[in-house]
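First the proteins, then the strands, lettered A, B, ... as listed; each starts at 1. Given the structure is predicted, the values throughout are model-derived calculations rather than measurements.
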Amino acid sequence: MLRLLGIGVRGLEPRASWPPSRHSTKLSYTPLARGIILHPMVISTSGSAAKHAQSRSGPTNSERPSRSATAALLAWFRASRRPLPWRTAWRDPYRVLVSEVMLQQTQVAAAVPYYLRWVERFPTLEALAAADEAEALALWSGLGYYGRARRLHAAARAVVASGSPGLPADLAGLRALPGIGPYTAGAVMALAHNQRAPAIDGNVIRVLSRVDALEEGGKAAGLRSVEAAWLRLAPRRAMRHYAEALMELGATVCSPTGPDCGRCPLKVVCLAGIRGNATAYPVPSKRPAVTAVAHACALVRGDDAVLLVRQTEAGLWQGMLEMPRAEVQAAEAPQDAAVRALLAVTGLRGDLIRAWPTVRHSVTRYRVTLHPFEFSLPDRWRASDALEAQWVRVSSLASAPLPAAQRRALVSAFGSAARGANAG
DNA sequence: AATCCGGGGAG
DNA sequence: CTCCCAGGATT
């Protein structure tokens with residue numbers, strides 16, 4: 001039946017037949033539309049009167065209803081958008097980049113305080129490039145995926161080193177910078193430069209997969225279909241608002257498990273919504289099994305300080321400060337792993353003082369349990385004996401580049417003095 | 001195409 | 001507790 005109505009058949013009507021200046025199709029997104037489309041009577045109107053019938057009954061994913069749906073989307077965004085600190089009248093490409101990188105794998109509420117602190121400390125690309133990586137990581141501490149901060153810092157340095165006055169204003173130039181992939185490059189082009197550049201994040205994949213009933217939305221092949229949908233629905237000029245509206249819609253209305261289709265501005269063109277099975281799209285990829293792993297770390301007190309090590313190896317927590325840590329091997333006691341970690345850094349076997357409560361956190365498909373053990377070291381030992389180790393004053397922990405799990409362990413031992421300045 | 005990078009929110 | 005979510009780099 002849906003095929004009879006032309007739904008989902010793209011290119012059914014030529015773009016030229018629907019001048020964008022005409023907006024007489026507002027009826028097509030009335031609340032009645034969904035009921036009308038499913039009524040058998042509509043089918044009987046196909047044929048020579050089909051065009052007329054569609055303009056009244058609405059739903060089709062060919063060009064004309066897209067225009068009105070886009071207009072509805074933009075109107076909805078004007079009325080419903082959340083006031084967020086990066087949503088200012090004029091968009092600085094650098095600030096767009098900062099906010100978009102922070103919003104990767106991170107929800108808005110978590111990113112806001114970090115964004116405010118970041119742009120206060122690093123108001124420009126030049127300010128960021130002039131800072132140490134450690135300071136950038138410290139401001140990111142607690143936000144997770146610290147590689148984002150390292151790459152953002154590296155991108156700032158790359159731009160400044162190139163002698164350019166600012167970020168590239170083209171997709172290819174942006175893509176060449178570390179940490180900027182297809183999504184972030186598109187977001188900068190659309191949000192800061194108002195260009196017709198698809199900015200397709202997880203929210204947009206979900207929204208447009210539902211609009212076109214695309215099952216493979218998240219896959220490489222499906223991504224091209226999502227991109228085509230993005231371009232098809234795009235307005236002529238208001239690219240900034242459009243790009244952001246799609247993401248906002250996914251974040252607030254077209255949610256993963258409980259979409260509020262009744263209030264959705266795209267409901268007249270959304271195939272999944274019309275069918276009433278929006279949550280069936282996109283088909284989620286099967287998630288890998290979770291593996292439980294255990295790590296142990298050594299907590300050593302100095303003079304109102306704690307022994308920390310900069311993680312130099314690629315992988316988990318690169319560049320961050322943490323207590324000496326080792327993965328607990330099979331059949332190994334966590335305490336022995338902590339001894340091993342301390343030995344690797346100091347060359348000494350500490351004396352065990354006590355165990356601190358374990359900390360649990362998740363790393364993609366791993367569920368990590370961190371076992372902190374407190375040790376004492378001989379008085380003659382100094383941190384300078386080990387290049388990677390350093391004493392960090394307790395009063396400095398708040399502004400130290402600590403990963404969240406390590407910070408939680410330190411908070412249990414040192415109290416709120418160890419709590420981060422960014423959040424919590 | 002699969003895997004790895006940390007967190008947090010919802011239920 | 002469990003389940004779910006998500007860009008970019010690397011291989």
Side-chain angles (χ1 to χ4, degrees), chain A residues 96-114 137 140-155 158 171 174-188 197-207 209 216-224 226-227 247 250-252 254-259 279 281-293 295 311 313-322 325 327 358-370 401-409 420 422-424:
Chain A
V96 169
L97 177 63
V98 170
S99 62
E100 292 305 327
V101 170
M102 282 189 175
L103 289 168
Q104 293 168 6
Q105 298 96 344
T106 305
Q107 295 183 350
V108 163
V112 164
Y114 287 86
L137 287 172
W140 209 274
S141 172
L143 199 54
Y145 283 97
Y146 303 102
R148 295 182 295 174
R150 286 190 290 106
R151 289 188 279 263
L152 186 55
H153 177 256
L171 278 177
L174 289 166
R175 283 297 307 277
L177 292 170
I180 301 184
Y183 164 69
T184 306
V188 170
I200 298 173
D201 70 349
N203 286 317
V204 176
I205 288 174
R206 185 170 58 255
V207 170
S209 292
E216 303 268 351
K219 298 298 178 190
L223 212 51
R224 283 192 289 276
V226 171
E227 187 172 311
M247 294 190 276
T252 62
C254 193
S255 67
T257 56
T279 56
Y281 304 93
V283 175
S285 55
K286 59 178 186 294
R287 61 179 187 281
V290 174
T291 306
V293 294
H295 289 212
Q311 179 59 256
E313 289 180 20
L316 185 64
W317 298 336
Q318 182 184 358
M320 303 295 280
L321 280 180
E322 59 171 325
R325 173 180 56 89
E327 181 171 353
T358 59
V359 170
R360 285 182 167 77
H361 67 290
S362 298
V363 186
T364 58
R365 61 183 240 264
Y366 298 103
R367 190 174 61 93
V368 181
T369 304
L370 181 64
L402 294 163
Q406 291 272 328
R407 189 179 292 285
R408 286 207 299 277
N422 291 313

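Atom-to-atom, CG of A:Leu103 to P of C:dG7 comes out at 10 Å; the value is rounded to the nearest Å. Per the geometry, CE belonging to A:Met320 stands 8 Å off P belonging to B:dG6, to the nearest Å. Atom CZ of A:Arg325 is separated from atom P of B:dG6 by 9 Å (rounded to the nearest Å). Between A:Gln105 atom CD and C:dC4 atom C1' there is a gap of 14 Å when expressed in whole angstrom units. In this structure, CZ of A:Arg367 is placed 18 Å from C1' of C:dC5, rounded to the nearest angstrom. If you take NE2 of A:His295 and P of B:dC5, they are 9 Å apart, rounded to a whole angstrom.
At the heavy-atom level, A:Thr257 lies nowhere under 4.0 Å from the strands shown. Within 4.0 Å (heavy atoms only), A:Gly147 reaches no atom of the nucleic acid at all. Nucleic acid contact for A:Ile180: sugar-phosphate only, since backbone atoms but no base atoms lie under 4.0 Å from a heavy atom of the residue. At a threshold of 4.0 angstrom between heavy atoms, the contacts of A:Arg151 are confined to the sugar-phosphate backbone, with no base atom among them. Using a 4.0 Å heavy-atom criterion, one finds that A:Tyr145 contacts the bases of the nucleic acid, with or without backbone contacts as well.
Looking at the side chain of A:Pro256, the nearest of the listed nucleotides B:dG7, C:dC5, B:dC5 is C:dC5. Comparing B:dC5, C:dC1, C:dG7 by their nearest atom to the side chain of A:Arg360 picks out C:dC1. Candidate nucleotides C:dG8, C:dA6, B:dG7 were compared by shortest atom distance to the side chain of A:Pro182, and C:dG8 ranks first. Distances were taken from every side-chain heavy atom of A:Arg206 (C-beta onward) to each of C:dA6, B:dG7, C:dG8; the shortest belongs to C:dA6.
Positionally, the nearest nucleotide of DNA chain C for A:Ser362 lies more toward the 5' end than for the other of A:Ser362 and A:Gln104. Map A:Ala109 and A:Leu316 each onto its nearest nucleotide of DNA chain B; the residue landing nearer the 5' end is A:Leu316.
Scanning for side-chain contact (heavy atoms from CB on, under 4.5 Å) contacts around A:Arg148 gives A:Val101, A:Gln104, A:Gln105, A:Thr106, A:Trp140, A:Leu143, A:Tyr145, with sequence neighbours left out. With sequence neighbours excluded, the residues satisfying side-chain hydrogen bond (donor to acceptor under 3.5 Å, both in side chains) with A:Arg325 are A:His295, A:Glu322.
Side chain of A:Arg367 to main chain of A:Val290: no donor-acceptor pair is present (N/O by atom type, distance under 3.5 Å, no hydrogens or angles).
The two residues A:Asn203 and A:Ala251 have their closest heavy-atom pair at OD1-N, 3.7 Å.
With P as the reference atom, C:dC4 and B:dC5 are 22 Å apart, rounded to whole Å.
Distances shorter than 4.0 Å separate none of the side-chain N or O atoms of A:Trp317 from OP1 or OP2 on B:dC5.
Annotation: side chain of A:Glu227 is in contact with side chain of A:Ile200 (closest heavy-atom distance under 4.5 Å).
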